[in-house]
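These notes concern the structure reproduced below.
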There are 2 protein chains.
Amino acid sequence: MTEKTSHATVDDVAALAGVSTATVSRCLNAPDRVTAATREKVMTAVRALNYTPNFGAKALASKRTGIIGAVVPTLENAVFAHGVDAFERALAPGKFALLVASSGYEAGREKRQIEALVARGADGLLLVGFDRDPAIYDWLALRKVPYVLAWSSGESHPYAGFDNLSGMAAMVGMVLELGHRNIAMISGITSGNDRARDRLEGARSAMAQAGLSFCGVREVAYGLESAAGAFSALMADRRVTAVICGNDVLAAGALRAAHGMGLRVPEDVTITGFDDIDIAEITWPQLTTVRVPHSRMGEEAARLLQDLIAGRPGESVLLATELVRRGSHAAVAGAGILP
Amino acid sequence: MTEKTSHATVDDVAALAGVSTATVSRCLNAPDRVTAATREKVMTAVRALNYTPNFGAKALASKRTGIIGAVVPTLENAVFAHGVDAFERALAPGKFALLVASSGYEAGREKRQIEALVARGADGLLLVGFDRDPAIYDWLALRKVPYVLAWSSGESHPYAGFDNLSGMAAMVGMVLELGHRNIAMISGITSGNDRARDRLEGARSAMAQAGLSFCGVREVAYGLESAAGAFSALMADRRVTAVICGNDVLAAGALRAAHGMGLRVPEDVTITGFDDIDIAEITWPQLTTVRVPHSRMGEEAARLLQDLIAGRPGESVLLATELVRRGSHAAVAGAGILP
DNA sequence: TGCATGAATGAAAGCGCTTACATTTTACCG
DNA sequence: CGGTAAAATGTAAGCGCTTTCATTCATGCA
């Protein structure tokens with residue numbers, strides 16, 4: 001019994017319980033492989049010594065850490081905060097813990113974060129989108145680290161996401177049905193961001209299907225201010241009656257700019273969002289947007305990744321998006337269609 | 001060189017570079033204790049073998065993991081998402097990684113999360129508020145795990161936070177100055193939440209100082225709906241001209257309820273928030289609130305915790321809050337004071 | 001009662017790294 | 001140049017756990 005200043009070890013527990021260290025280990029990791037009586041003895045010793053297994057030793061010997069890593073662009077974006085939160089809750093409690101890193105939307109930083117997470121022994125990884133240096137996927141494969149891509153469909157990789165393309169196409173379809181013909185779009189930065197790109201593409205294809213194209217498209221950084229600026233610029237074209245936004249924050253910024261310009265929403269201009277985060281219900285009018293099941297997605301991603309880690313096959317899931325009609329859309333003035 | 005299926009180890013690198021494992025280790029962890037020439041040889045071997053140190057072995061041998069744990073109530077609350085994000089960014093890159101767990105505002109779950117984090121070898125912990133079972137602090141002290149409390153002043157514990165009490169007192173003081181006398185409050189649940197309690201206390205003391213007390217106080221769960229319900233109930237008392245809210249989400253809910261009731265803000269009723277998160281600028285009118293430097297706080301907490309882990313003294317910081325006067329407040333009707 | 005069978009347990013060999021201590025090399029000075 | 005201190009490097013002993021394989025024990029059946 002090393003009862004000086006250091007902590008109790010398996011040896012201490014084994015000695016006190018009068019069994020071998022192997023038995024102590026089994027009691028803790030596979031209780032059913034041990035007699036109830038000995039289990040009792042061991043657990044008593046564990047409690048008496050206030051024993052906690054040493055993490056490093058356990059990881060070294062078992063080649064598993066129980067740590068799962070997640071790299072998201074930023075937690076400041078509610079979309080990721082919610083998804084990660086749901087993901088974390090869906091991890092088998094006590095078995096896995098979540099290591100979170102943010103990339104700030106920088107590819108280089110994301111790569112470093114992934115390496116850092118793997119270096120810290122992550123048993124698996126949650127990544128956002130599939131648009132990244134192929135070398136990263138090769139490296140992950142080489143290292144045999146399972147991963148799940150979320151927030152988009154992952155092409156050939158395992159994923160838990162949704163179809164940004166069709167979600168946005170549906171939204172544009174609705175706006176078209178409302179009679180709008182002069183439509184502009186405020187998109188997120190598409191470079192290195194397949195979600196933004198798919199949304200833009202989906203919107204464009206819906207327009208094309210109606211034989212139209214956007215009056216104007218602006219790619220702006222995530223944030224109220226940049227969206228507000230883009231909105232004013234876009235509305236310089238007086239014909240525009242609807243502005244499609246790549247996400248709710250952009251839409252909220254556009255909405256604010258509209259108020260500032262004295263425009264009534266939706267009477268003068270229709271503004272739509274994407275994501276359906278909390279703010280969609282706080283703006284005035286409330287945002288018409290595309291609901292994305294962020295929490296559900298987080299759960300599915302957790303399930304899938306845990307399957308993969310356990311060596312089970314695991315199936316990717318593509319969740320459905322849903323149009324949420326609130327107050328920021330209306331039929332184009334002079335057109336007699338849906339309210 | 002164990003070049004079968006397994007990964008390269010220090011031994012492989014040492015052999016290839018023609019040095020001892022000790023030198024390899026030094027190259028990686030204390031490069032300046034090694035000649036430039038040998039360092040070059042070793043790094044070349046490292047690259048050639050695609051070597052990455054084994055995490056478990058490293059943790060076991062060095063008794064350090066480079067993992068810092070954080071337990072927050074939920075990432076769904078922007079306040080914590082921002083704080084954690086800033087905290088993570090302020091961690092020495094490459095040296096520390098962040099393990100995040102959420103407690104869902106449940107004390108029992110928080111305790112388990114803390115234990116899980118420590119069991120995973122966390123070198124230090126970030127906790128929210130100081131209101132928790134003292135046994136947890138004892139346990140942490142016994143385990144010698146440094147920690148920092150954030151989002152409130154930490155009493156005798158190391159902390160990086162702000163004074164919720166005086167922040168709210170200032171807000172109520174301002175409302176009082178505007179001539180309001182019949183004031184109600186919507187507070188967060190105070191049980192087990194020192195932030196909510198301090199805000200309520202701060203508000204009450206400011207009222208008391210003016211010889212007044214609230215017309216009504218409601219404690220509600222975090223969320224738009226519950227705040228909306230509380231607002232309607234509180235406004236049943238027709239005398240009420242101002243409603244102080246414990247945080248911005250509550251205020252946004254109250255605002256929405258006000259719109260629903262046909263009340264004009266701020267003409268008919270003044271509504272104030274606390275935190276100054278993004279939504280404060282999205283509501284209509286924009287929220288008058290108390291700005292809390294969440295990001296700055298995250299950074300300070302990271303700094304402090306890293307000091308503590310390194311064995312340096314480390315100083316707690318109390319950040320200042322600031323009144324942000326936007327559009328949701330006004331002088332009480334019939335009173336001739338500040339706009 | 002004896003023996004085959006499977007479950008429970010024990011002995012001990014690593015897992016891959018860091019680090020105290022020993023040894024060698026280098027640098028500097030008289 | 002020899003001698004010494006300091007810097008660089010090597011040796012090898014763990015760190016605390018899991019796990020394979022061997023051993024012991026309990027059980028059921030002939």
Side-chain angles (χ1 to χ4, degrees), chain A residues 1-43 45-46 49-66 95 118-121 123 143, chain B residues 1-43 45-46 49-66 95 118-121 123 143:
Chain A
M1 226 186 287
T2 318
E3 194 45 74
K4 22 175 74 171
T5 174
S6 68
H7 289 162
T9 70
V10 257
D11 295 285
D12 299 330
V13 176
L16 182 57
V19 299
S20 73
T21 61
T23 299
V24 173
S25 179
R26 280 185 208 107
C27 275
L28 266 24
N29 303 305
D32 37 306
R33 297 183 43 63
V34 147
T35 309
T38 48
R39 195 186 317 149
E40 193 50 46
K41 277 192 303 183
V42 171
M43 294 318 279
V46 164
L49 294 173
N50 209 337
Y51 170 76
T52 320
N54 174 291
F55 175 68
K58 187 165 186 161
L60 176 58
S62 67
K63 304 184 188 318
R64 256 174 290 106
T65 58
K95 195 166 170 198
V118 172
R120 284 204 166 56
D123 288 342
R143 282 273 184 295
Chain B
M1 227 187 290
T2 317
E3 195 45 74
K4 21 174 74 170
T5 174
S6 67
H7 288 162
T9 69
V10 257
D11 295 285
D12 300 330
V13 176
L16 182 58
V19 299
S20 72
T21 61
T23 299
V24 174
S25 178
R26 279 189 284 260
C27 273
L28 267 23
N29 303 304
D32 37 305
R33 298 183 43 62
V34 147
T35 308
T38 49
R39 196 187 315 150
E40 194 50 47
K41 278 192 303 185
V42 171
M43 295 319 278
V46 164
L49 295 172
N50 210 337
Y51 169 76
T52 320
N54 175 291
F55 175 68
K58 186 165 185 160
L60 175 57
S62 67
K63 305 185 186 317
R64 256 173 289 107
T65 58
K95 195 165 169 199
V118 172
R120 283 202 168 58
D123 288 342
R143 282 272 184 295

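Protein chains get the first letters and strands the later ones, always in sequence-line order, with residue 1 at the start of each. The figures here come from the full heavy-atom set of this structure, side chains too, leaving out hydrogens, waters and symmetry mates. It should be emphasised that the depicted structure is a prediction, and the values quoted were computed from it without experimental measurement.
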What is the distance, rounded to the nearest whole Å, between atom [atom1] of [X] and atom [atom2] of [N]?
X	N	atom1	atom2	value
Arg33(B)	dT9(D)	CZ	C1'	10 Å
Glu40(A)	dA8(C)	CD	C1'	17 Å
Leu60(A)	dC17(D)	CG	P	11 Å
Asp11(A)	dC17(D)	CG	C1'	9 Å
Arg39(B)	dT9(D)	CZ	C1'	14 Å
Lys58(A)	dG16(C)	NZ	C1'	19 Å
Lys63(A)	dC15(C)	NZ	C1'	5 Å
Asn54(A)	dT18(D)	CG	C1'	13 Å

Point to revise | Backbone N/O of Asp123(A) and side chain of Arg64(A): donor-acceptor pair under 3.5 Å | key: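 Checked: no pair found.
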Check your understanding: If only atom types and distance count, is the side chain of Arg39(A) paired as donor or acceptor with the main-chain N or O of Pro31(A) below 3.5 Å?
Key -> yes
Between [X] and [N], is there a contact of a side-chain N or O with OP1 or OP2 at under 4.0 Å?
X	N	result
Thr35(A)	dT9(C)	yes
Arg26(B)	dC17(C)	no
Thr9(A)	dG16(D)	no
Asn29(B)	dT18(C)	yes
Thr38(A)	dT9(C)	yes
Ser62(B)	dT18(C)	no

Taking the nucleotide of DNA chain D with the closest heavy atom to each, which residue, Ala57(B) or Ser20(B), is nearer the 5' end?
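Upstream on the strand: Ser20(B).
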By nearest-heavy-atom nucleotide on DNA chain D, the more 5' of Ala22(B) and Ala61(B) is Ala22(B)
>> Can you tell me which residue among Val13(A), Val34(A), Val42(A) is in a side-chain contact (heavy atoms from CB on, under 4.5 Å) with Val19(A)?
In response: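 Single side-chain contact (heavy atoms from CB on, under 4.5 Å) partner of Val19(A) among Val13(A), Val34(A), Val42(A): Val42(A).
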Q. So, do Tyr51(B) and Leu28(B) sit near enough that their side-chain heavy atoms are less than 4.5 Å apart?
A. yes
Among dT19(D), dT9(C), dG10(D), the one nearest any side-chain atom of Arg64(A) is dT19(D)
Please work out if Val24(A) contacts a base, only the sugar-phosphate, or nothing of the nucleic acid, heavy-atom cut-off 4.0 Å. nothing
Using a 4.0 Å heavy-atom cut-off, does Phe55(B) contact any base of the nucleic acid, only the sugar-phosphate backbone, or nothing at all?
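No contact at all - Phe55(B) keeps every heavy atom at 4.0 Å or more from the nucleic acid.
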Heavy atoms of Arg143(A) and Val118(A) approach each other most closely as CD-CG1, 4.4 Å
